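The structure under discussion appears below in the form of structure tokens.
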Amino acid sequence: MEDLIAGLFVNLHIENLAMIMVGTIVGVIFGAIPGVGPMEGVALLIPMTYIMTPIQALLFLVALYSAGTYGGSITAVLFRIPGSAEAVMTTLDGYEMAKKGQAGKALGIAISSSAFGGLFGVMVMILLAPILAGIALRFGPAEYFALCVLGLSVMPSVGTSQPTKAVVAGLFGLFLSTVGMDPISGALRFTFGNTALIGGIPFISSMIGLFAATELLNQITTYRKDRRETAAVEKIRSELPGLRELLSLRWTLLRGAIIGTWVGILPGVGATTAAIIGYSQEVRLSKHPERFGTGIAEGIAAPESANNAAVGGAMIPLLSLGIPGSGTTAVMVGAFLIHGLRLGPLLMVEHRPLVYALFGGMLLSNIMMVVVGLVACRYAAKILSIPYPFLATVIASFCIVGSYALGDIYGIWFVISFAIIGYLMGRTGFPTAPVILGYVLGPIAEASFRRAFIIAGGDVLAIVTRPITFVLLLLAVLSFLWPSIAGCTTKRRKGAV
Amino acid sequence: MKSEILANVVILALGCFFLYLTEHIKGFAHEALGGAFWPRMVLLLLVGLTMFHIIGCLRKRDNARDTETPSGKQSLEMANIRARVVPALLSLVAYGILMKHLGFIISSLIFQAVFLYILERQVSWRNLVVPFVLTSVLFILFVRVMALPLPRGTGIFREFSHLFY
């Protein structure tokens with residue numbers, strides 16, 4: 001505790017406080033802009049940290065990471081554009097809530113949930129880092145596979161009341177994830193000789209197309225020149241949820257934070273996977289799963305709490321073992337090396353004051369994120385009052401230029417292709433949300449299963465009977481079958497009456 | 001219902017096609033499952049489920065009454081699809097093609113002016129001012145602040161782009 005208090009005092013030096021504030025502001029901006037996210041922000045700005053002291057540099061980057069993970073929710077709620085991959089699940093309920101004229105409420109829930117999740121993840125990191133890192137190392141390929149299956153098991157309930165269509169959409173997402181080079185054997189799959197597809201279908205470009213551009217086309221389809229633009233957008237400003245509302249969401253926030261922290265600790269999976277699993281588990285545990293995707297508070301609170309908790313979680317293996325817990329922390333390894341800090345178990349011993357200053361800085365950045373987020377949302381929300389033709393032009397331009405920002409010259413074609421696919425899916429009643437589940441979890445599930453199969457020498461029983469794997473798979477089966485079981489039970493009760 | 005059945009038939013056809021392609025995925029000699037295992041499994045599930053869904057849709061269609069008269073909302077949507085959605089998509093495609101040749105600045109100005117006209121169906125001073133303002137904002141944000149290498153175009157357009165970045 002004395003170390004943590006000392007760390008907080010270090011952060012109160014004006015230069016360090018300024019770095020946390022600047023990192024938070026830059027992070028929110030990077031997170032909000034489609035096509036760039038916290039990982040790109042950290043990668044782009046690491047060279048700028050040459051001129052800073054090690055503590056200033058790391059405070060700046062972790063603040064950017066935290067705030068960038070939240071920032072994507074702003075455009076996700078207001079424009080259905082996931083500003084960063086981590087916010088992709090927030091679009092589902094956030095945008096629907098905004099369409100009902102409750103954009104301020106949606107943004108407020110996003111900020112509060114992000115702050116809660118972020119603070120939870122940091123506290124877990126401070127208290128339990130070495131212990132949890134050790135447990136996480138026991139997660140092998142079989143456990144990763146089972147975790148992904150658990151995440152995929154809620155496919156029938158996501159985004160629609162027609163389970164068959166949802167599963168078809170999810171299988172489509174799983175299929176998309178197989179395009180490109182096979183991670184185990186290196187074989188090319190479904191590339192048709194096109195070099196653009198060797199690395200697979202780029203995630204951000206396809207999500208911009210599937211969500212933002214599709215919604216753009218949907219809005220244009222129903223556009224009427226005499227439609228009043230201001231009906232649903234009067235006086236939008238972020239409202240932090242009241243105590244009563246926060247208390248009603250307490251279990252959602254806590255579950256999201258626990259899931260996010262744990263998923264963040266696991267090397268190789270980050271905040272995006274955490275948001276997806278957090279959302280899917282909330283659907284699974286809800287008494288009314290059909291309400292998800294219609295604009296409910298839980299649909300925003302769960303992924304936002306999870307993705308920001310994953311930030312703290314991802315720092316746990318990085319600081320205690322030198323193993324990055326996510327893509328962004330992998331990039332941050334470079335920052336440690338630049339400033340002469342050797343990552344590994346000895347970091348806590350050799351640089352204890354710096355590590356605790358980092359802990360304190362992460363606590364402060366989550367609090368500052370609320371302030372910066374409230375200000376950013378007030379100005380961002382005003383954009384909704386712009387007449388739709390101009391807003392549509394802005395969104396279309398950001399979709400195209402944002403895809404270029406990813407450095408992929410073919411990104412623009414993926415945006416357009418997925419816009420057409422998403423539009424046709426919408427017109428024929430297929431939900432797009434399960435596509436993300438399949439697309440993100442598919443590669444991890446496949447690679448983990450095949451590795452587990454190799455390790456087990458081809459014995460599938462040896463894979464599924466591992467204790468953690470067995471429990472997760474059992475939960476997945478129950479979760480998948482629960483809607484049908486519940487439906488049959490309800491019909492029998494009605495028949496008996 | 002017709003569009004739903006058609007969509008399912010297309011998914012079924014594509015599923016079968018990609019399933020056929022999995023035969024040509026090369027395996028790794030020392031791995032029992034190989035690169036074709038997972039996509040084959042996914043596609044088999046997809047094809048099976050889609051067939052099941054088609055049968056369900058056909059049964060529903062036989063039982064349902066035929067109410068094919070389009071509502072006012074559907075007529076508006078069809079009119080907008082022809083008049084706005086298709087031109088908007090074509091303008092996005094054209095933007096993608098032109099950006100490589102004309103550069104970011106000129107192609108953005110043209111695209112935004114055309115896109116606004118497609119939606120508003122009228123020419124006003126705003127249709128000329130907004131593209132300049134928006135392109136400037138995008139330029140400052142992506143080129144100056146984030147130093148991203150947006151296309152400069154070819155020939156004379158490249159020379160023009162070099163005046164700015």
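Every chain is numbered from 1 and lettered A, B, ... according to where its sequence line falls, protein lines coming before strand lines. Please read all numbers here as calculations on a predicted model, not as lab measurements.
Only the side chain of B:Pro151 comes within contact range of chain A, with at least one heavy atom under 4.5 Å from a heavy atom of that chain. Contacts between A:Thr178 and chain B at a heavy-atom distance below 4.5 Å involve the side chain alone, from C-beta outward. For A:Val167, the parts lying under 4.5 angstrom from a heavy atom of chain B are both the backbone and the side chain. In this structure, chain B has no heavy atom under 4.5 Å from any part of A:Ala213. Both the backbone and the side chain of B:Val85 come within contact range of chain A, with heavy atoms under 4.5 Å apart. Heavy atoms of B:Val137 lying under 4.5 Å from chain A are absent altogether. Using a 4.5 Å cut-off between heavy atoms, A:Phe453 touches chain B through its side chain atoms alone. Using a 4.5 Å cut-off between heavy atoms, B:Leu141 touches chain A through its side chain atoms alone.
Two residues are said to be in side-chain contact when any heavy atoms from C-beta on lie closer than 4.5 Å; B:Ile81 and A:Arg427 meet this criterion. Under the 4.5 Å side-chain criterion, counting only non-hydrogen atoms from C-beta, B:Phe52 is not in contact with A:Val168. Counting heavy atoms from C-beta on, the side chains of A:Phe449 and B:Leu33 come closer than 4.5 Å. Counting only heavy atoms from C-beta outward, the side chains of A:Phe390 and B:Leu119 never approach each other to under 4.5 Å.
Nearest heavy-atom pair, B:Leu92 versus A:Ala396, reported as atom, atom and distance to 0.1 Å: CD2-CB, 4.3 Å. For the residue pair A:Ser397 and B:Leu134, the shortest heavy atom distance occurs at OG-CD2, 3.7 Å.
Atom CG of A:Leu188 sits about 9.5 Å away from atom CD1 of B:Ile25, to the nearest 0.5 Å. Atom CZ of A:Phe190 and atom CZ of B:Phe17 lie 9.5 Å apart (nearest 0.5 Å). Between B:Met99 atom CE and A:Ile400 atom CD1 the span is 7.0 Å, to the nearest 0.5 Å. B:Thr50 contributes atom OG1, which lies 8.0 Å from atom CG of A:Leu171 (distance to the nearest 0.5 angstrom).
Options A:Leu216, A:Ile420, A:Thr221, A:Leu45 differ in how many heavy-atom pairs under 4.5 Å they form with chain B, and the most are formed by A:Thr221. Highest contact tally toward chain B, considering only A:Thr428, A:Ile416, A:Ile220, is held by A:Ile220 [criterion: heavy-atom pairs under 4.5 Å].
Other residues, nucleotides and ligands contribute over 12 non-hydrogen atoms within 6.0 Å of the CZ atom of A:Phe192. Other residues, nucleotides and ligands contribute only 12 or fewer heavy atoms inside 6.0 Å of the CD1 atom of B:Ile156.
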Expected list for residues 37-46 of chain B: side-chain donor-acceptor pairs under 3.5 angstrom, two or more places apart:
from    : atom 1 : to      : atom 2 : distance (Å)
B:Arg40 : NE     : B:Thr22 : OG1    : 3.3
B:Arg40 : NH2    : B:Thr22 : O      : 3.2

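Contact annotation for residues 105-116 of chain B against chain A (heavy-atom separation below 4.5 Å, listed by residue number): B:Phe111, B:Gln112, B:Phe115, B:Leu116. Of residues 4-15 of chain B, those residues with a non-hydrogen atom less than 4.5 Å from any non-hydrogen atom of chain A are, in numerical order, B:Glu4, B:Ala7, B:Asn8, B:Ile11.
Qualifying side chain to side chain contact (heavy atoms under 4.5 Å, CB included) partners for A:Leu461, counting only residues two or more places apart in sequence or in other chains: A:Asp459, A:Val464, A:Thr465.
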